[in-house]
Amino acid sequence: MDWAELTIAAGGQKARDSLARLAAPLAGPPHMAESAQQARLILRQTSAGILIVNGPLPDEFGADLAVEAAEKGGWAVVFLAQSGCWQAAANRLAPYGVLTLSKPLDPALFRQALCLALASRRRLAALEQENLRLQSKLDEIRLVNRAKSVLTQVLGLSEAQAHRAIEKQAMDLRLTRRAVAEDILKTYEL
């Protein structure tokens, strides 16, 4: 992961600087946000990464921001809550995969949480890639099935004959089944 994708959302400059110093051995310069609104803008403008939310933020508690980032996909989120409300925050955020730590922070525990967030982020990225690959494969299957359906309707072929025709044309022309199916659909569909 490119550590430039680390984002820190904290209300005070001192808190942002302190968190950046704690993350420094593991990360490069982070994006800084002083409010949830600023953090959302950064999240929209950057690719997925790690978000650290130091709750409460000036414009909201920060839990909604953490949930949005976690649900958006690709963001690993660490939420920092006061010890008095840590358990309630952890109960609310755990179903979304948000790591919740109690303040005041133990620096070693914070770095461990960042390492866990990084591992989560890497795993999320791998799952996203696999999801895209499978989605592409499903799209290809749907396209080929549509082309087979057109061949059965227009040329009167059986489904097995239509399948064989697509496979044979793909091999003969050294094209993918997707490309052959697209050509068939362009030729026979209105």
Side-chain angles (χ1 to χ4, degrees), residues 1-140:
M1 178 188 135
D2 179 6
W3 275 104
E5 296 169 0
L6 175 65
T7 300
I8 297 174
Q13 183 66 44
K14 184 178 174 186
R16 288 191 301 276
D17 292 343
S18 176
L19 290 170
R21 273 193 306 279
L22 284 173
L26 301 170
H31 298 280
M32 298 288 209
E34 60 187 48
S35 67
Q37 182 180 6
Q38 253 187 11
R40 285 183 179 94
L41 182 62
I42 292 169
L43 296 183
R44 282 193 297 272
Q45 295 173 345
T46 58
S47 59
I50 296 176
L51 172 65
I52 299 169
V53 180
N54 184 29
L57 297 169
D59 52 348
E60 69 176 64
F61 181 65
D64 290 339
L65 169 65
V67 168
E68 287 171 31
E71 284 187 327
K72 178 183 174 190
W75 285 92
V77 183
V78 178
F79 187 83
L80 311 175
Q82 292 294 339
S83 59
C85 62
W86 171 83
Q87 189 64 56
N91 290 343
R92 175 160 189 259
L93 298 174
Y96 301 97
V98 175
L99 299 169
T100 307
L101 298 177
S102 178
K103 297 188 284 188
L105 286 178
D106 174 336
L109 185 61
F110 178 71
R111 288 189 186 101
Q112 288 174 358
L114 278 183
C115 287
L116 286 171
L118 176 58
S120 296
R121 172 64 201 116
R122 286 184 176 148
R123 184 68 182 136
L124 282 171
L127 290 172
E128 287 169 354
Q129 289 300 317
E130 179 68 5
N131 188 27
L132 289 173
R133 186 188 70 74
L134 291 173
Q135 188 62 48
S136 175
K137 188 69 175 167
L138 276 174
D139 291 344
E140 178 183 324

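Excluded from the calculations below are hydrogen atoms, water molecules and symmetry mates; all remaining heavy atoms, backbone and side chain alike, are included.
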Would you give the length of the straight line joining atom [atom1] of [X] to atom [atom2] of [Y], rounded to the nearest 0.5 angstrom?
X    : Y    : atom1 : atom2 : value
L124 : R122 : CG    : CZ    : 12.5 Å
L22  : D17  : CG    : CG    : 11.0 Å
L127 : R123 : CG    : CZ    : 4.0 Å
L57  : F61  : CG    : CZ    : 9.0 Å
R133 : L138 : CZ    : CG    : 10.0 Å
L43  : L65  : CG    : CG    : 6.0 Å

Task: L109 side chain reached by Q112 side chain, heavy atoms, under 4.5 Å - done: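 Yes; the side chains approach each other to less than 4.5 Å.
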Distance-minimising heavy-atom pair for [X] and [Y]:
X    : Y    : result
A63  : L93  : O-CD2, 3.7 Å
D106 : A108 : OD1-N, 2.9 Å
A117 : A76  : O-CB, 3.3 Å
L101 : W86  : C-CD1, 3.3 Å
W75  : A69  : CB-O, 3.2 Å

TODO: Show your working on side chain to side chain contact (heavy atoms under 4.5 Å, CB included) between E130 and L134 and close with a plain yes or no.
DONE: CA-CA 6 Å; E130 179 68 5; L134 291 173; 3.8 Å; yes
Task: Sidechain-backbone polar pair: D59 side chain, S35 backbone, donor-acceptor under 3.5 Å - done: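 Flag not set: sc D59 to bb S35 has no pair under 3.5 Å.
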Open item on the list: So does L116 get a backbone contact from the side chain of S120, meaning a donor-acceptor N/O pair under 3.5 Å?
Closed with: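 It does hold such a pair.
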Open item on the list: A quick test of your reading: do over 12 heavy atoms of other residues, nucleotides or ligands sit less than 6.0 Å from CD of Q87?
Closed with: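 Enclosed.
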Task: Set of side-chain hydrogen bond (donor to acceptor under 3.5 Å, both in side chains) partners for Q45, sequence neighbours left out - done: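 Here no residue qualifies.
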Task: Pairing residues for K137 by the side-chain hydrogen bond (donor to acceptor under 3.5 Å, both in side chains) criterion, not counting sequence neighbours - done: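 For K137, no residue satisfies side-chain hydrogen bond (donor to acceptor under 3.5 Å, both in side chains) once neighbours in sequence are set aside.
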TODO: Not counting sequence neighbours, list each pair that qualifies as a ring-ring contact (aromatic ring centres under 6.0 Å, His included) and has a residue in residues 8-28.
DONE: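 Sorted pair list comes back empty.
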- [ ] For V77 and Y96, run side chain to side chain contact (heavy atoms under 4.5 Å, CB included): C-alpha distance rounded to whole Å, both residues' side-chain angles, the deciding distance at 0.1 Å, then the answer.
- [x] CA-CA 9 Å; V77 183; Y96 301 97; over 6 Å; no
Open item on the list: Under a 3.5 Å threshold, yes or no: a donor from one side chain and an acceptor from the other, between Q135 and N131?
Closed with: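 The answer is no; no qualifying pair exists.
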Open item on the list: Under 3.5 Å, is there a donor on one side chain and an acceptor on the other for R16 and Q13?
Closed with: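 A pair is found: one side chain offers a donor N or O, the other an acceptor, under 3.5 Å apart.
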Open item on the list: Tell me which one of L6, I52, L114, V78 satisfies side chain to side chain contact (heavy atoms under 4.5 Å, CB included) with L19.
Closed with: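 Running side chain to side chain contact (heavy atoms under 4.5 Å, CB included) over L6, I52, L114, V78 with L19 returns exactly one hit, I52.
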Task: side chain to side chain contact (heavy atoms under 4.5 Å, CB included) assessment of R92 paired with D64 - done: CA-CA 10 Å; R92 175 160 189 259; D64 290 339; 2.7 Å; yes
TODO: Would you please test I8 and N54 for side chain to side chain contact (heavy atoms under 4.5 Å, CB included) and show each step?
DONE: CA-CA 8 Å; I8 297 174; N54 184 29; 6.0 Å; no
